[in-house]
Protein chains: 2
Amino acid sequence: MPTESPADEPSPRSTRADALRNREAVLSATAEVFATSGVDAPIRRIAARAGVGMATVYRHFPTRADLVTAVYRHQIEACAQAGPRLLADADAPFDALTGWIDLFTDFLVTKHGLADALQSDSERFAALHTHFLDRLLPVCAALLDAAADAGEIRADVQPYELLRGIGNLCIGRDTDPRYEPRRLIGLLLDGLRREPPPGGGAA
Amino acid sequence: MPTESPADEPSPRSTRADALRNREAVLSATAEVFATSGVDAPIRRIAARAGVGMATVYRHFPTRADLVTAVYRHQIEACAQAGPRLLADADAPFDALTGWIDLFTDFLVTKHGLADALQSDSERFAALHTHFLDRLLPVCAALLDAAADAGEIRADVQPYELLRGIGNLCIGRDTDPRYEPRRLIGLLLDGLRREPPPGGGAA
DNA sequence: TCAGCATCCGGAACACCGCTCCGTTTTGTC
DNA sequence: GACAAAACGGAGCGGTGTTCCGGATGCTGA
């Protein structure tokens, strides 16, 4: 194990020990609270659990989105890196695409309220939306392009709308046992496939 | 037009003039506020606009969902009644289905935050979810059944998950001009069509 | 070692919201 | 006109996000 990843911590600006200590405390408290109460949990509770004041939380993570991205950074990263790998390993690009969508869905579905937060119109989460997009949009685009180039899917689907659609379909799974987003996502992917050339393109 | 629909007003229980007057005032104020600020607007504002106290709003409409259903009742009704009509008029059941989904989408998309509210996990909206389902689920089921019987779509799709999926896909259109739910909904409907058996059933 | 100071901390404080409670007012009836 | 039932209004409570500032804390240099 190589001591420490070089760019693992995004901003080691602070030189003071207490600041770094608190940052870690907040981060691990946040992970615990998010896991039990979802990403909408009150900041007060996070601060209390971390044993710090609320201002300390806000100082290290100005917006709730910063908190979410910090907690799930590794998983976002893993999802992003899985894209090229799947593409290299799969027999057909479409298989890679479905596999990756599956990973993405798993990620969203297992974090309480994460999908909701992602599409929330609250500006509290705007940065979260942006971060997901920055990291995952290129990956999705590459998978889509590959599948389109192979003629497996129609070529007029934008990466953004696909990601957004998957995210939207994952909303509310926590609170409704009847709802299984994966079925609909499968349907969407079926719709993505280029239909056997009967004549013209779909309107 | 026959003077008045008999069961148009759901609960004319009250005999007092001021109560009825206030109910109307709240209703029209709510419509205005919802149109400008979305269905999440503070109750305080609605009460202020109606010129009544907050308790009056709560007395007539105990939950926010009651307010929403009261304001949009006619449109929900129109959407529900359009189902059978489309089915009777269309050449093929699938056309009726797409036409109806289109109406439903229009409805959700033109009301700020309505789609969000519908799938919200907040119990404040649970009754709203229920009302939509009570009224629209049978209609959707009839359309799906007809299309399935005609062999135009696969038969393993539940009405609930379809409605839910459409609703979910409409979330967040207000705040993101880049996002056009109708394209994805079209894709979903494409996926619904029974593909000319290329192999086995989709897993 | 220790003074000095930039940095960071904590929680009180403010604003906003949903919802309820209860003294007051209005309305219909006798 | 008087009376009781019904309805009203807004203060009040609990909860949340976010900010502000006096005080504590850790680094630095002599």
Side-chain angles (χ1 to χ4, degrees), chain A residues 9 11-30 33-34 36-68 70 112-113 116-117 120-128, chain B residues 9 11-30 33-34 36-68 70 112-113 116-117 120-128:
Chain A
E9 296 305 318
S11 54
R13 300 304 263 271
S14 171
T15 172
R16 272 181 64 160
D18 55 348
L20 292 166
R21 209 184 321 133
N22 277 333
R23 188 179 196 278
E24 287 311 305
V26 168
L27 216 40
S28 87
T30 301
V33 173
F34 277 2
T36 61
S37 308
V39 297
D40 269 321
I43 300 290
R44 269 181 177 78
R45 199 182 310 171
I46 294 174
R49 181 149 202 143
V52 303
M54 283 183 307
T56 299
V57 177
Y58 278 103
R59 207 170 298 113
H60 288 294
F61 306 96
T63 79
R64 189 179 221 85
D66 295 318
L67 228 29
V68 178
H112 292 176
D116 307 52
S120 164
D121 53 1
S122 160
E123 69 285 348
R124 289 190 298 144
F125 286 111
L128 178 60
Chain B
E9 296 304 320
S11 54
R13 299 303 263 270
S14 172
T15 172
R16 273 181 62 158
D18 55 348
L20 292 166
R21 209 185 321 133
N22 278 333
R23 189 178 196 279
E24 287 311 305
V26 168
L27 217 39
S28 86
T30 302
V33 173
F34 277 2
T36 60
S37 308
V39 298
D40 269 321
I43 300 289
R44 270 180 175 80
R45 199 183 311 172
I46 294 173
R49 180 150 201 144
V52 303
M54 280 188 308
T56 298
V57 177
Y58 278 103
R59 207 171 297 115
H60 288 293
F61 306 96
T63 78
R64 190 183 222 74
D66 295 318
L67 229 27
V68 178
H112 291 175
D116 307 52
S120 164
D121 52 1
S122 161
E123 69 285 349
R124 288 190 299 144
F125 286 111
L128 177 59

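A note on names: the letters A, B, ... follow the listed sequences, proteins ahead of strands, and every chain is numbered from 1.
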Minimum heavy-atom distance between Phe34(B) and Val68(B), given as atom pair plus value: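 It is CE2-CG2, 3.8 Å.
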Exercise: identify the closest heavy-atom pair between His112(A) and Thr36(A):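 Minimum heavy-atom separation between His112(A) and Thr36(A): ND1-O, 4.2 Å.
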In this structure, how many angstroms lie between the [atom2] atom of [N] and the [atom1] atom of [X], rounded?
X	N	atom1	atom2	value
Leu20(B)	dT26(C)	CG	P	18 Å
Tyr58(A)	dC21(D)	OH	P	18 Å
Leu67(B)	dC19(C)	CG	P	11 Å
Arg44(A)	dG10(C)	CZ	C1'	13 Å
Ile43(B)	dC17(C)	CD1	P	11 Å
Arg45(A)	dG14(D)	CZ	C1'	14 Å
Met54(A)	dC14(C)	CE	C1'	11 Å
Asp18(A)	dA6(C)	CG	P	17 Å

Glu24(A) CD to His60(A) NE2 distance, which is reported to the nearest 0.5 Å: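 Result: 9.5 Å between the selected atoms.
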Any side-chain N or O of [X] under 4.0 Å from OP1/OP2 of [N]?
X	N	answer
His60(A)	dC9(C)	yes
Thr15(A)	dC27(D)	no
Arg21(A)	dG26(D)	yes
Thr56(B)	dA7(D)	no
Asn22(A)	dC8(C)	no

Polar side-chain atom of Arg64(B) near backbone of Val39(B) as donor-acceptor pair, under 3.5 Å: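 Yes, Arg64(B) side chain to Val39(B) backbone: donor-acceptor pair under 3.5 Å.
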Backbone of Val26(A) reached by a side-chain donor or acceptor of Thr30(A) within 3.5 Å: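 Side chain of Thr30(A) to backbone of Val26(A), a donor-acceptor pair under 3.5 Å: yes, one is there.
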Going by modelled atom types, is there a donor-acceptor pair between the base of [N] and the side chain of [X] at under 3.5 Å?
X	N	answer
Arg16(B)	dA6(D)	yes
Arg64(B)	dG18(C)	no
Arg124(A)	dG17(D)	no

Taking only the side-chain heavy atoms of [X] (C-beta and beyond), determine which of [options] contains the nearest atom.
X	options	value
Pro42(B)	dT27(C), dG18(C), dC21(C)	dG18(C)
Val52(B)	dC17(C), dG9(D), dC9(C)	dG9(D)
Ala19(A)	dA13(C), dC19(C), dC8(C)	dC8(C)

